[in-house]
Number of protein chains: 2
Amino acid sequence: MSKCEQCIIKRFNALKSLTHDELVKFSDHKTTLHIKKGENLMTEGNAINGLYCIRDGKGKLTKLSTNGKEQIIKFVKGGDILGQRSILSDEPVGLNATALEDMHVCFIPKQDIIDTIKDNGQFSLNIMKIISHQLNQANTLVSQMAQKPVKERLAETLITLEMIFGIDNEGCIDVVLTREEIANTIGTATESAIRLLSNLKKDGVIDLINKKILILDKSALKNMSEGY
Amino acid sequence: MSKCEQCIIKRFNALKSLTHDELVKFSDHKTTLHIKKGENLMTEGNAINGLYCIRDGKGKLTKLSTNGKEQIIKFVKGGDILGQRSILSDEPVGLNATALEDMHVCFIPKQDIIDTIKDNGQFSLNIMKIISHQLNQANTLVSQMAQKPVKERLAETLITLEMIFGIDNEGCIDVVLTREEIANTIGTATESAIRLLSNLKKDGVIDLINKKILILDKSALKNMSEGY
DNA sequence: AAAAATAAATGATATTTATCATTTTCATAA
DNA sequence: TTATGAAAATGATAAATATCATTTATTTTT
């Protein structure tokens with residue numbers, strides 16, 4: 001099994017501030033999971049007993065609302081860590097984490113994380129920074145969901161998806177989502193999302209290639225996301 | 001000027017884990033502010049150089065969306081602390097904090113907070129817990145805003161307001177909000193909020209006494225907030 | 001490769017919500 | 001105290017969005 005000390009992924013997240021000894025400890029205690037597309041890594045309401053570090057693959061973080069609809073709160077990919085919020089607040093997991101494609105994930109036991117937070121001030125601060133940043137993002141999202149019409153939210157979401165997942169060699173946003181998942185991201189009915197996407201294609205703003213989306217006119221999308 | 005060591009407010013927030021020496025240091029360095037109704041304590045986009053601890057009074061945390069509308073993200077009151085997210089992530093303030101009524105607020109310089117986070121593991125953990133909890137709340141709010149219709153969001157909001165601010169001696173929710181502020185909380189037009197409140201009154205679920213709201217049938221509201 | 005299942009697309013319509021216009025109520029200061 | 005302005009309320013209408021029904025396309029299974 002590969003070792004944390006040599007793992008390239010850690011350069012991109014809070015684990016970069018770990019000492020060599022801490023990395024060795026993590027490496028000794030970690031387990032590696034293979035999550036297949038559609039499977040859950042974490043489930044809303046469950047207790048969690050460690051931190052997940054995504055090596056590769058893509059996932060969605062969702063919340064089930066009381067009316068049974070799924071809301072996608074955030075997308076994740078290699079380098080992201082999951083579970084820190086729940087570990088720190090000692091609350092159950094607040095979101096479902098589901099694989100959008102096969103994922104490799106390392107699991108580090110809770111006690112190692114807690115110990116390291118106490119010992120390593122820089123690590124502690126990095127984790128705080130991540131959560132603080134996520135809180136800011138979530139607040140922004142609340143405002144957007146509450147104030148922006150569906151069309152603007154879709155435009156915003158397409159830009160965000162390209163930023164998160166980048167583009168493939170055809171220029172398409174490098175993630176495959178169903179229309180339903182797009183609808184659940186912007187908080188609208190699937191049919192509404194389909195119609196708006198069709199309109200964007202008709203207007204030459206995007207193209208729909210196989211299961212992926214190609215942004216043709218990003219500045220048009222940007223304007224649209226701001227209500228112009 | 002009163003001293004942090006003797007302040008009763010600190011029992012209700014992260015400051016309760018401070019040592020006597022730390023409290024004395026905070027007390028020596030703190031300044032006390034009097035924020036009048038309508039005035040801003042923090043402004044979105046500005047840098048912040050300390051932590052605010054609310055002694056008394058009530059406030060709203062808002063965000064201005066690109067179309068110029070105000071979204072209320074959260075309400076605050078005595079015992080709450082403000083600015084921790086910005087201090088930790090070293091980012092500008094993400095929200096405006098505005099007094100809903102006159103407030104007394106203590107300001108503790110950033111460096112004292114940072115030093116204490118490094119020295120006092122329990123304080124550090126408490127701050128993390130607060131932010132983690134807020135992140136969970138914000139994620140829930142995203143889902144509610146995106147998935148629930150306006151009527152359900154209003155019902156939810158009324159219950160939340162009563163939980164946060166409690167009731168006065170007439171049984172009314174103990175905060176005065178304009179219709180516009182209620183609309184900006186649930187993310188709808190002022191007229192829509194007014195109409196829904198009038199309907200709730202007509203149906204005997206709430207009463208509108210002076211500038212305050214009295215919840216008459218909480219279980220009806222609860223059902224309504226869940227779509228029944 | 002055909003059949004079955006799932007996802008995407010489209011149309012018709014209903015419902016929700018916003019906007020604009022006007023009136024009424026309430027608070028505040030000249 | 002009345003004049004002035006703001007907030008609240010109400011009506012009429014328009015726009016946005018959801019729902020339901022149906023068709024077409026795409027995957028998956030047999």
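Keep in mind that this is a model prediction, so the values were computed, not measured. Lettering of chains follows the sequences in order, A, B, ..., and the numbering in each one begins at 1.
Counting only heavy atoms from C-beta on, A:P149 has its side chain closest to D:dA16 among C:dT17, D:dA18, D:dA16.
Between the B:R85 side chain and the A:S132 main chain, a donor and an acceptor come within less than 3.5 Å of each other.
Atom pair B:L197:CG and D:dA7:C1' shows a separation of 14 Å (rounding to whole Å applied). Between B:I182 atom CD1 and D:dA9 atom P the separation is 9 Å, expressed in whole Å. Atom P of nucleotide D:dA18 and atom CD of B:Q147 are separated by 10 Å, given to the nearest angstrom. Rounded to whole Å, the distance from CZ on A:R195 to P on C:dA12 is 11 Å. Whole-Å rounding puts the A:K148 NZ to D:dA15 P distance at 22 Å. One atom, CD of A:E180, and another, P of C:dA9, lie 14 Å apart when rounded to the nearest Å. Across the protein-nucleic acid pair, A:K69 atom NZ and D:dT17 atom P stand 14 Å apart, rounded to whole Å. Atom CD1 in A:I194 sits about 13 Å away from atom P in D:dT26, given to the nearest Å.
Looking at heavy-atom distances under 4.0 Å, B:T190 makes no contact with the nucleic acid at all.
Between B:K151 and the phosphate of C:dT17, there is no side-chain N or O to OP1/OP2 separation shorter than 4.0 Å. OP1 and OP2 of C:dA27 both lie 4.0 Å or more from every side-chain N or O belonging to B:K211. Listed pair A:S192 / D:dT17 fails the phosphate criterion, with no side-chain N or O lying under 4.0 Å from OP1 or OP2.
Applying side chain to side chain contact (heavy atoms under 4.5 Å, CB included) to B:K58 and the options B:L177, B:D174, B:V176, B:V76 leaves one that passes, B:D174.
Nearest-nucleotide positions on DNA chain D place A:G187 closer to the 5' end than the other of A:G187 and A:N210. Nearer to the 5' terminus of DNA chain C, by closest-nucleotide assignment, is the contact made by A:R179 (compared with the other of B:E191 and A:R179).
B:K60 has a carboxylate O that lies under 4.0 Å from a charged side-chain N of B:E70, or vice versa, which qualifies the two as a salt bridge.
Under a cut-off of 6.0 angstrom, the local environment of CZ in B:R153 is crowded, with over 12 non-hydrogen atoms contributed by other residues, nucleotides or ligands.
Minimum interatomic distance between B:V93 and B:T43 (heavy atoms only, all atoms of both residues): CB-O, 3.8 Å.
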